[in-house]
Structures are given as structure tokens and as C-alpha cells.
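Single-structure report; data block below.
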Amino acid sequence: MRIASFNINGIKARLPRLLEWLEETRPAVACLQEIKTQDEGFPAEEFAKIGYQAIWHGQKGFNGVAILADGVAPVEMQRGLPGDELDEQARYLEADVSGVRICNLYLPNGNPQPGPKFDYKLAWMDRLRRRCALHLAAEIPTVVLGDFNVIPEDRDVWSVSAMASDALMQPASRDAYARLLADGWTDAIATLNPRGGVWTFWDYQAGAWQRDHGFRIDHLLLSPDCADRMVAAGVDKAHRGREKASDHAPVWVELRI
DNA sequence: ATGTCTCCGAAACGGAGA
């Protein structure tokens, strides 16, 4: 069972590339971030035509997440991250698919830091940790995945100095990510690539893709039972190099059923 | 290299966000 995550940077602009990726790689579950559309604009029929059922949580212009499943309907368990009634940003969607709890997230970027956006990011990470801890306590087979906007370690970025002041690799961001992992989650790609050097994002600017100036911010976290069932994990890097590509590449993990 | 891409509103571009 392959479970994937893809920050598509606009579902309207990306639809042909997204459908192409789904048909070529055929993940059982595909979690999308930055759909950047209201609920009414979500192209559910286009996915139905190729056999995927979907749930989505949209927002005008920004953010927005969706969960697609091959041949089955995702059973929605949570819409929006709990813990702040005033937070209206569409960044979290949770569903059960074939006995696995899928927690799809688009974590706040947090730039510029310091500032209110960075404070929001750290508060959001605290709320995420609390939500995820419920699943661990209940021993629900769970995958927490998406665009975390956190570069976990120096080995996860092409240049530490170039990114030193960025919210994505501040000590506070990294500490919050490390605390989450320490609760019992396994970072799939990090576990299989302990020496680092794996990127999931390349900026559109300054020839970052051509120079391989990237970093790893899209993550797949596995509960203990899912970690035991991990067969492989990786990045669909070639899709970043296509025409009209997203600035992120898809990431995926394969679990033994 | 203030470099690029996507969205929106009202517009044939500029601002915001990343």
C-alpha cells in the first residue's frame, strides 16, 4: 500500500501534471497540499474519471488540503487542526483509508521570523503534536504526512548558510519537530537515508532546480506499527523537472498490507 | 540577482505568499 504526499502549488494550474503523476505512479492514497481553491472549485470529477475518490478542505487563494484514495472513499475524521477556534486556515485534514489513519497537513511556513507568522507556526506545531499523541495513545495505525515546512537537520539542506535565517530551519522549528518524533513517530525518508542529501523542494528562483539547490521539508511520519510494515520510501524527483511543475516533488512510503 | 510562480481583484498590472 503506497501512501504519497504532494504539495502541488495550485490545483488549477497543476491539474494536468497531477493527473499524469496519479496515473503513472498510482498511489493507494495521495495527500495534496496548497490546492489554493475554495471547496466549490475542487475538480473532484477529474479524479473520479481515473478512479480516485476524494475529500477536501479548501480556502480562497491560499492553503487547502485534500485526500485522494484509489477505488475507495476516504472516511473523514477531522477537518481543520483542533486547539484554536480562531484559526480559519485550511491546513489539516484527517481520514481513515483501508484501516490506516491518514493525517494530511500543510504546516505554516513561518517567514519572516521572528514575528507573528513564526509564532503561529510554533503554536500550530504544538497543536499538531497534541493531535498526533491521541493516535499514538489509541494505538491507531497512522501516517502523518505533508508539507511540514521544517528542515529537520543540516544534512537535509543544500546550504546551511544560505538558509540560516529562514523559519524552516530555526532551532525552535527543529526542536518542535524533534519533540513530535520523540513521541514515537518514525520519519520514513530520514530512516532510509541516514546520511541525508535527499531533497523534496527546489525553489523556482535562481536556477535552484538546475543547480540541485534543494531541501527536505515534505515528510512521512509512521506510527510504530506502520513503521514495522515499511517496505520502501522515496521521492518522485523526476516530476519536479517537468514542464509546469510544482516547486515540490511528491514523496511516498510503501507499507506491507 | 529584488532571480519565479500562483493566486486574487479588478485588470490588462500590482500585491501577497511562498
Side-chain angles (χ1 to χ4, degrees), chain A residues 5-21 31-43 46 56-66 80-81 87-93 104-125 128 145-152 156-170 172-174 176-177 199-219 235-251:
Chain A
S5 170
F6 192 2
N7 180 321
I8 55 173
N9 188 20
I11 201 163
K12 297 186 186 97
R14 208 70 56 217
L15 192 58
R17 284 285 98 100
L18 175 57
L19 293 170
E20 180 180 272
W21 169 72
C31 292
L32 310 178
Q33 303 88 36
E34 285 206 87
I35 63 175
K36 293 187 173 179
T37 182
Q38 300 176 89
D39 285 340
E40 304 81 66
F42 188 82
E46 299 296 322
W56 56 96
H57 180 27
Q59 179 182 341
K60 193 185 225 173
F62 305 104
N63 308 320
V65 286
L81 186 63
D87 184 4
E88 294 184 341
Q89 298 189 30
R91 295 178 173 276
Y92 187 83
L93 188 60
N104 178 24
L105 64 94
Y106 174 48
L107 209 146
N109 175 293
N111 282 303
Q113 71 81 29
K117 290 186 175 181
F118 192 60
D119 295 341
Y120 173 65
K121 176 185 191 131
L122 297 180
W124 205 96
M125 293 184 80
L128 176 65
L145 70 168
D147 178 359
F148 282 70
N149 269 315
V150 175
I151 298 169
D156 298 313
V157 59
W158 67 278
S159 166
V160 170
S161 58
M163 294 293 292
S165 63
D166 198 286
L168 277 53
M169 56 176 279
Q170 290 312 295
S173 309
R174 288 181 163 182
Y177 187 77
W199 320 143
T200 68
F201 172 92
W202 296 258
D203 202 285
Y204 286 126
Q205 299 188 65
W209 167 250
Q210 289 75 11
R211 299 173 186 196
D212 201 28
H213 289 178
F215 39 83
R216 189 174 72 93
I217 53 176
D218 300 273
H219 306 309
V235 181
D236 291 331
K237 184 174 177 179
H239 288 260
R240 175 62 181 82
R242 297 192 179 183
E243 288 296 312
K244 291 276 288 177
S246 171
D247 42 5
H248 294 250
V251 297

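To find a chain, count down the sequence lines: A is the first, B the second, and so on, and within it residues start at 1.
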Does a nitrogen or oxygen in the side chain of Lys117(A) sit under 4.0 Å from OP1 or OP2 of dG17(B)?
-> yes
Side chain Trp56(A), main chain Asp39(A), donor-acceptor under 3.5 Å = yes
dC5(B) P sits how many Å from Glu34(A) CD, rounded?
-> 15 Å
Find the distance Arg17(A):CZ to dT6(B):P and express it as a whole number of Å.
-> 12 Å
Atom NE2 of His248(A) to atom C1' of dC5(B): distance rounded to whole Å?
-> 12 Å
Side-chain donor or acceptor of Ser173(A) paired with backbone N/O of Leu168(A) under 3.5 Å = no
Rounded to the Å, how far apart are Leu15(A) CG and dC5(B) C1'?
-> 17 Å
Base, sugar-phosphate, or nothing: which does Ala206(A) touch, judged by heavy atoms less than 4.0 Å apart?
-> base
Where each residue is assigned the nucleotide of DNA chain B containing its nearest heavy atom, which of Phe62(A) and Gln38(A) is assigned the position nearer the 5′ end?
-> Gln38(A)
In whole angstrom, what separates Asn63(A)'s CG from dA16(B)'s C1'?
-> 12 Å
Out of dA18(B), dC7(B), dC5(B), minimum distance to the side chain of Lys12(A) belongs to dC7(B)
Take the protein atom CG of Asp203(A) and the nucleotide atom C1' of dG17(B), then report the distance between them rounded to whole Å.
-> 12 Å
Candidates dA18(B), dG17(B), dT6(B) - which lies nearest the side chain of Lys244(A) = dT6(B)
Name the closest nucleotide to the Lys60(A) side chain, picking from dC5(B), dC7(B), dC8(B).
-> dC8(B)
Pick the C1' atom in dA16(B) and in dT2(B), then give their distance to the nearest Å.
-> 15 Å
State whether a side-chain donor-acceptor pair under 3.5 Å links Asn9(A) with Tyr204(A).
-> yes
Which whole number of Å gives the distance between the P atom of dG14(B) and that of dG3(B)?
-> 13 Å
Whole-Å distance, Phe215(A) CZ to dA18(B) P, equals 13 Å
Considering only the C1' atoms, how many Å lie between dA10(B) and dG15(B), rounded to the nearest integer?
-> 13 Å
N-O pairing of Arg242(A) and Asp236(A) below 4.0 Å = no
DNA chain B: Pro108(A) or Arg14(A), which has the more 5' nearest nucleotide?
-> Arg14(A)
Nearest-angstrom distance from the residue atom CG of Asp247(A) to P of dT6(B) = 9 Å
At under 4.0 Å between heavy atoms, what does Phe201(A) touch on the DNA or RNA strands: base, sugar-phosphate, or nothing?
-> nothing
Indicate yes or no: at least one non-hydrogen side-chain atom of Trp124(A) is less than 4.5 angstrom from one of Tyr92(A).
-> yes
